[in-house]
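Quick notes on the structure that follows.
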Protein chains: 2
Amino acid sequence: MSGNGHKLLTAEREQRIMQLLHDSDVVTVSAISEALGMSEATVRRDLQAMHERGLLERVHGGAAVKQESSPEPLFSDKEEQFSTEKQRIAAAALSLIHDHDTIFLDGGSTVLMLARMLDSLKALTIVTNSLMAAAQLMESPHRLILTGGEFRAISRTLVGPLSSPILKNIVVDKAFMGTMGFTTTDGMSTTDANEAYTKTRVMERARQVILLADRSKLGCSSFVTCGPDWHLDVLVTDAIDPKTRQELEERDIRVIVAGKNATAKANAGTARADQ
Amino acid sequence: MSGNGHKLLTAEREQRIMQLLHDSDVVTVSAISEALGMSEATVRRDLQAMHERGLLERVHGGAAVKQESSPEPLFSDKEEQFSTEKQRIAAAALSLIHDHDTIFLDGGSTVLMLARMLDSLKALTIVTNSLMAAAQLMESPHRLILTGGEFRAISRTLVGPLSSPILKNIVVDKAFMGTMGFTTTDGMSTTDANEAYTKTRVMERARQVILLADRSKLGCSSFVTCGPDWHLDVLVTDAIDPKTRQELEERDIRVIVAGKNATAKANAGTARADQ
DNA sequence: GTGGAGATGATTGAATTTGATTGAATATAA
DNA sequence: TTATATTCAATCAAATTCAATCATCTCCAC
């Protein structure tokens with residue numbers, strides 16, 4: 001049997017409860033109580049505590065696994081998705097940068113990948129609001145400037161009105177932006193108003209705005225747009241349908257498709273990725 | 001076996017505790033006490049010490065393995081030099097903070113140690129120019145704001161004129177400062193002009209300025225001072241000579257000495273004073 | 001030997017956790 | 001719909017665990 005005489009610590013119990021939940025997506029309070037040899041009152045308290053920490057979903061009579069309702073996947077997860085495509089996009093964007101440029105790096109995993117490639121260039125001035133990018137560039141010889149602002153945990157970026165004053169003081173040659181969604185009508189959009197605000201301020205201070213967005217972003221619209229009169233100079237993506245491409249080029253937006261043959265080295269991508 | 005007559009050294013015990021933890025992710029205080037043949041009081045002391053060094057997680061009734069909550073490797077936490085003096089200073093400074101305070105955290109290892117202790121407080125607004133502190137506070141529930149500025153690699157802080165505009169927009173209740181040196185004539189001093197500049201701007205925007213400086217800093221003067229009309233409200237240190245102390249107190253600067261047994265008293269004192 | 005610093009174990013009151021109980025809220029059946 | 005059976009959250013007392021204090025002990029320098 002499971003109930004081995006000795007008392008269980010809270011941490012231990014939570015571990016067991018998560019295991020029970022993992023085995024069958026739903027468990028009842030009484031089942032947990034019996035399995036762990038503890039009163040139902042304690043089980044309910046544990047479940048509530050775990051629910052408050054977002055570990056599980058509470059349902060009448062028991063608990064259920066937390067379904068991924070998060071509108072924005074965690075940073076680490078995003079980095080796994082589309083890594084090959086994002087790498088190609090970042091590589092294509094890299095060729096737009098020259099020595100001695102002043103560039104801005106936005107948040108997002110694609111831009112972060114670009115940040116990792118900057119060692120090959122010399123004497124850049126890099127402005128960023130992404131702590132991940134900053135962490136990546138800490139040891140680099142380039143000049144690194146962070147915008148201030150309120151820290152947004154989910155994207156690990158500095159956003160909001162407090163980022164505005166510092167952005168007013170600088171001008172960058174090229175701003176490399178990430179986004180949650182992009183449409184030809186609304187431009188970039190994201191899930192957080194503060195983040196959209198900062199993106200807008202950045203783009204106002206950039207001579208050239210370059211968007212790095214894989215195909216999953218194109219045609220999608222998220223919660224907040226970056227304002228009605230959006231502006232974009234270059235879109236770097238991995239695939240785009242001809243209609244959208246034409247629309248963009250009519251607006252004088254250069255489209256760079258970093259496809260498989262564009263980098264030539266990365267061949268034989270999984271066929272299912274072409275979905 | 002376990003209880004081999006001779007007494008165990010602290011280091012030896014910690015090794016055994018880590019082994020127990022490694023075997024089963026959770027162990028009780030009583031289990032450790034029994035396994036190592038020592039009183040539960042000593043076990044608790046060991047566990048606390050190890051917890052403070054980040055070796056394990058303390059839970060009611062025992063200890064649990066430290067789960068790596070953040071998927072990202074933190075900035076670079078290599079210089080994890082644990083110093084008892086700095087720990088005491090930070091603990092004494094902690095008792096100056098209350099729930100809902102707005103505080104500033106400067107760079108430096110002592111202030112960083114304070115940042116690690118902020119979990120015990122609620123609903124803080126934390127402004128900082130230290131990327132180490134920011135990394136430490138990334139997962140905390142507090143509101144976190146970073147000043148912008150140029151990244152200075154050696155101190156991992158954001159400094160220089162670009163940090164000024166954002167600082168003009170905020171006011172903090174208490175600013176916890178670090179320093180390279182401090183004298184009663186020149187105040188704080190550091191090695192970098194940009195860093196001194198930012199320190200000065202911060203102190204202008206703080207209702208109360210609190211300096212955390214161990215005794216090695218007192219009486220030392222570094223390259224750049226933070227300006228002729230420096231201002232300080234509280235100095236927290238681990239030891240100070242009477243003459244300096246008197247000079248400071250004549251200037252209405254409160255001196256807190258976090259001696260060996262002062263930590264407990266300081267905490268207990270505030271706990272009651274908070275009533 | 002003397003004295004001080006540090007470590008240990010016992011003790012104490014405070015804080016936390018637990019299980020039982022209660023009435024209210026919710027789900028199920030008729 | 002109403003009636004019945006579960007489940008829930010709040011409360012309380014008992015048990016456990018905690019942190020702080022104190023007396024003792026060891027070790028080391030003087």
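Residues satisfying the ring pair (Phe, Tyr, Trp, His ring centres under 6.0 Å) test with Phe104(B), not counting sequence neighbours, are none. Looking at residues two or more places apart in sequence or on another chain, you find a side-chain contact (heavy atoms from CB on, under 4.5 Å) between Ser24(B) and Val27(B). By the side-chain contact (heavy atoms from CB on, under 4.5 Å) test, Thr183(B) pairs with Thr185(B), Asp186(B), Ser221(B), sequence neighbours left out. By the side-chain contact (heavy atoms from CB on, under 4.5 Å) test, Asp192(B) pairs with Arg152(B), Val159(B), Asn194(B), Glu195(B), sequence neighbours left out. Asp241(B) is linked by a side chain to side chain donor-acceptor pair (under 3.5 Å) to Thr244(B), counting only residues two or more places apart in sequence or in another chain. A search for side-chain contact (heavy atoms from CB on, under 4.5 Å) contacts involving Ile170(B) returns Leu162(A), Val127(B), Leu167(B), not counting sequence neighbours. The side chain to side chain donor-acceptor pair (under 3.5 Å) check on Thr42(B) picks up Ser39(B), with sequence neighbours excluded. With sequence neighbours excluded, the residues forming a side chain to side chain donor-acceptor pair (under 3.5 Å) with Ser163(B) are Thr198(B), listed by chain and number.
Salt bridge annotation for Arg251(B)-Glu247(B): absent, with no cationic side-chain nitrogen under 4.0 angstrom from a carboxylate oxygen. Under 4.0 Å is where a charged nitrogen must lie from a carboxylate oxygen, and between Arg16(B) and Glu12(B) no such pair does. Ion pairing of Asp101(B) with Lys174(B) is present here, as a side-chain N (NZ or NE/NH1/NH2) and a carboxylate O approach within less than 4.0 Å.
Near DNA chain D, meaning a heavy atom under 4.0 Å away, the residues from residues 39-47 of chain A are Arg44(A), Arg45(A).
The distance between atom CD of Gln48(A) and atom P of dT17(C), rounded to the nearest whole Å, is 13 Å. Rounded to an integer number of Å, the gap from Leu8(A) CG to dT16(C) C1' is 17 Å.
Once rounded to the nearest 0.5 Å, the distance linking NE2 of His231(B) with CE of Met203(B) reads 10.0 Å.
Side-chain nitrogen and oxygen atoms of Arg58(A) include none within less than 4.0 Å of the OP1 or OP2 phosphate oxygen of dT7(D).
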Nucleotide N/O of nucleotides 2-4 of chain D paired with protein N/O under 3.5 Å:
none

Within the sub-3.5 Å range, which N or O atoms of nucleotides 28-30 of chain C have a protein N or O partner, and how far apart are they?
none

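Each of dC18(D), dT18(C), dT8(C) was ranked by its minimum atom distance to the side chain of Thr10(A); first place goes to dT18(C).
The terminal axes of the helix from dG1(C)-dC30(D) to dA30(C)-dT1(D), fitted over 5 pairs per end, subtend an angle of 30° to the nearest 10°.
Side-chain atoms of Asn129(B) come within 3.5 Å of backbone atoms of Leu158(B) as a donor-acceptor pair (strictly under, hydrogens ignored).
Comparing His60(B) and Met38(B) by the nucleotide of DNA chain C whose heavy atom lies nearest to each, the residue mapping closer to the 5' end is Met38(B).
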